[in-house]
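Just below is one structure, and these are the notes that go with it.
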Amino acid sequence: MSEIIIGIDLGTTNSEVSIIEQGKVTVIKDGDKKMLASFVGIDDAGQVIVGETARNQYLVYPERTIKSIKRLMGQDTQVVLADQAYTPQEISAIILTRLKVIAEQYLGQAVSKAVITVPAYFSDAQRQATREAGEISGLEVVRMINEPTAAALAYGAVQAEARQVLVYDLGGGTFDVSVVNMQDGVVEVLSSHGDNHLGGDDFDQQIIEYLIDHIQETNGVDVRSHSKAMARLTRAAEEAKFLLSDQPYAQIDEEYLLEHEGAAVHLSLELSRMAYEEMIEDYINETIDATHIALKGAKLTASDIDEVILVGGSTRTPCVRERLFNEFGFEPHSEVDPDLCVAMGAAIQAAMISGQEVDTVLVDITPYTYGTSAIGVLDGQPYPFMFVPVIHKNSVLPNRKTEAFATSYDGQDTVELSIYQGEDPDALNNVKIGEFRVEGLLDVAAGNVITLTLALDLNGILNVSAVEKETGLEKSITIKNALSQFEGESLDTAKQRITSLFGQMDPRIIDEESLEVNAVSGAPEIAAARELISKAEGLFAQVSDEDKEDMVDLIETITTCIDAQDINGLDDPSAQLTDIIYYLES
Ligand code: AMP
C-alpha cells in the first residue's frame, strides 16, 4: 500500500481535506459538513474549538474567536485569543490539526504528510509561514501548490493538448484570478491578480445594511447595537443570498428579532435577485477589471482563453457566470464543486507524488443550456424571441433553477411559454423541446410576475412549471427526454445533413448569393474594422514598442481581410485589437 498523503485547501473562510481512494477523490466530511469553517476559538470551558462551533461563537464572543487568519500569514504579528497572544502560524496549525484528525478518523490510521494549497500571489514569507503551520500541527508539507494549479488539476490538466485556462476564484473573503497553461499534467501559472478583501462576505454585508435600513425605517430602531439580532441578520442575509442563486426572490422572516420600547420587532421582507445584483454590481465589476489585468499580465486576450474554471462558493451567484459568459463568449465550467475543487486538486497532486493512479473527477453535467424566450433586445433591436437561459450548459445534474418573467401588457390573461435547448441568443435558432400556456391570470397592469422553474434530473427528465407569483396559479409539463433530443453526435449529424443540402445547389448561384449577402451585411463590419484601426493608430504615441508591434501585426491582418472582403476573417484580429485598446484605455 502506498503511503498516505492528504491534500489540504487551507482557505480564508473554509478549509477542506481530501484523499484519493481507489483512484477516486474523496473530500472528507467533518460530521455532516462538507467544509470546515476556518474559525478558531476558545469556549467557556477554556477548550479549543474549530469550525462551525467557532464560527457561531464569533458572532457572540469575537474576543475569544479568530477568523480569516490566512490574511495575516507571513506577517510578523500576533493575534489575541482569550487574552493569550498567538502567531498566525499557530492559529493556522490549529485548523490543520483539526483537518489531520478528520482524515485520521476517516482512515483509521495516523497521517503525517500533506500537500497544502496557497494562493498564487503568496510571497516566500507567506509560503514559509504555511509550511511552519504544517510542522506545528505534525504534518510534513511535502509540497505546496498554487490554488489555481490545484483547480486545474481537478479539471483534468492531464490531457495532452495544451490549453490556456482562466481560473476565476471568488470565495468568502478573497478574489483571485489566474491565467494558467495546462498540458500533460503540468500546470503553469502565467499570471495572477486579485483582491485580498473582496468576496461573499462583502455581498452579505450589502444585504445586512439593507436589512438594517429597513428595520430603521419600519420600526425606528438601530439594530446595530443589538449583537444577538445582528447575528441573526448576518445568518439570514447569507441564507437569502444562497436562495437568490437559484431563484428570483427570497423571503426573509425573522420573528422576535429584538424588543423595542416594549414591543417585539419582527422582520419580514422579500428581496429580489435583481435588487441584490444591483447591490453587488460594483464588486463584480472589480472582478472583471482584475480579470482583464490578469489577461494582460499573461500577454493574452479574452479570445486566447480556451476555458474558464469557476472556483469558490461565491461563483454560484448567477450574475458572475453571466458576466464571464459575456466577456469570453462561452459558458464557464463549474461541474467540479467550486467549494471543493482546490482540495480535490491537492489530493490529486498528493497521489501523483506518492505514485498512485488517479481517475479524472467525473460528474454528470448537462451538455446543453435550457431556457425560454422573451421579448428583449438582440443585436441592438427589439426582438420577441430572445433566448433566456435558465439552466446553463455544464451545470451539475440534478439541477433546479427558477427565473422571473413579467406580463407585457395590461390585462394579459395568458402567457405562452416555449422551452428551448441550445446556446443561440436567438431562441428560434435553438431546439424547441416543449411549450405550454398558463391561462386565467389576474386582470392587472403589465408586469404581473410569472416564475418559471426548470428541474432537470439525471435521466434527462425536465419538469417545467410556471407560477403566477401573486396567486400561486400553476401550470406544469414534463419533457421526458430533454437530454437526448440531440445528443452530441446526432446534433452534428443533423448539422452536416442540412449543410450538405446546401452543398447540392449550383455553386455559381451560391457564390453570387453569398457575395450579395456579404455586400449587405459586410459593410458595417468593414466600417467598424476601419474605425478600430484608426483608434489603434491614435494610441500609438502612448504605447510600448512591444504593444505597438502587436498592434501593427493585427492591423496588417485586418487590412488584408478588408481588401479581400473576408468578413469572417476579420472576427479574430478585430477582437484581439479591441481587447488591446480596452487595456490601453483602462
Ligand atoms: P469559499 O471561500 O470558496 O468557501 O466560499 C465561501 C463563500 O461562498 C461564502 O461567502 C458563501 O456565502 C458563498 N457561497 C456559498 N454558496 C453560495 C451560493 N449558493 N450562492 C452564493 N454564494 C455562495
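In what follows, residues are counted from 1 in the order of the sequence shown. Atoms within a ligand are numbered from 1 in the order they appear, just like the ligands themselves. The structure presented is a predicted model; accordingly, all values stated were derived computationally and were not measured.
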Nearest option to [atom], as decided by whichever heavy atom of [options] sits closest:
{"atom": "atom 14 (N) of ligand 1", "options": "Gly313, Cys341, Pro318", "value": "Gly313"}
{"atom": "atom 22 (N) of ligand 1", "options": "Lys241, Glu239, Arg316, Glu147", "value": "Lys241"}
{"atom": "atom 6 (C) of ligand 1", "options": "Ala237, Gly172, Gly173", "value": "Gly172"}

Worksheet item: Of the backbone atoms (N, CA, C, O) and the side-chain heavy atoms from C-beta on, which set of Ser314 has a member under 4.0 Å from an atom of ligand 1: side chain, backbone, both, or neither?
Response: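 Answer for Ser314: both.
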Return the closest protein heavy atom for [atom] as residue, atom name and distance.
{"atom": "atom 20 (N) of ligand 1", "result": "Ser245 OG, 2.6 Å"}
{"atom": "atom 15 (C) of ligand 1", "result": "Phe242 CE2, 3.5 Å"}
{"atom": "atom 4 (O) of ligand 1", "result": "Asn14 ND2, 2.9 Å"}

Worksheet item: Do any N or O atoms from the side chain of Arg273 and from the backbone of Leu244 form a donor-acceptor pair under 3.5 angstrom?
Response: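 The answer is yes, because a donor-acceptor pair under 3.5 Å joins these two groups.
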Practice prompt. Please verify whether a non-hydrogen atom of Gly11 lies at under 4.0 Å from ligand 1.
Written response: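 No, Gly11 has no heavy atom closer than 4.0 Å to ligand 1.
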Worksheet item: What is the minimum heavy-atom distance between Val48 and Ile94, and which atoms define it?
Response: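 For Val48 and Ile94, the tightest heavy-atom pair comes out as CG1-CG2, 3.6 Å.
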Worksheet item: Are Asp246 and Arg316 ion-paired here, with the side-chain N under 4.0 Å from a carboxylate O?
Response: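 Looking at Arg316 together with Asp246, the answer is no, because their closest N to O distance does not fall below 4.0 Å.
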Worksheet entry | Lys/Arg-Asp/Glu bridge criterion (N-O < 4.0 Å) met for Asp43, Arg64 |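 Between Arg64 and Asp43 there is no salt bridge, as every charged N stays at least 4.0 Å from the carboxylate O atoms.
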For [X], counting its heavy atoms only, list the atoms of ligand 1 lying under 4.0 Å from any of them.
{"X": "Thr13", "value": "2 (O)"}
{"X": "Thr317", "value": "21 (C)"}
{"X": "Gly312", "value": "3 (O)"}
{"X": "Glu238", "value": "9 (C), 11 (C), 12 (O)"}

Discussion item. For the aromatic rings, using the six-membered ring if either is Trp, is the centroid distance between Tyr276 and Tyr210 under 6.0 Å?
Written reply: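 That pair fails the under 6.0 Å test.
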Discussion item. Check the orientation of Tyr283 and Phe203. Use parallel for under 30°, tilted for 30 to 60°, and perpendicular for over 60°.
Written reply: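 Tilted.
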Worksheet item: Only one of Arg232, Lys228, His266 forms a side chain to side chain contact (heavy atoms under 4.5 Å, CB included) with Leu257, so which one is it?
Response: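 Exactly one pass, corresponding to Arg232.
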Item to complete: For Asp76, look at atom CG and say whether over 12 heavy atoms of other residues, nucleotides or ligands are found less than 6.0 Å away.
Response: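 For Asp76, atom CG is not crowded (no more than 12 foreign heavy atoms under 6.0 Å).
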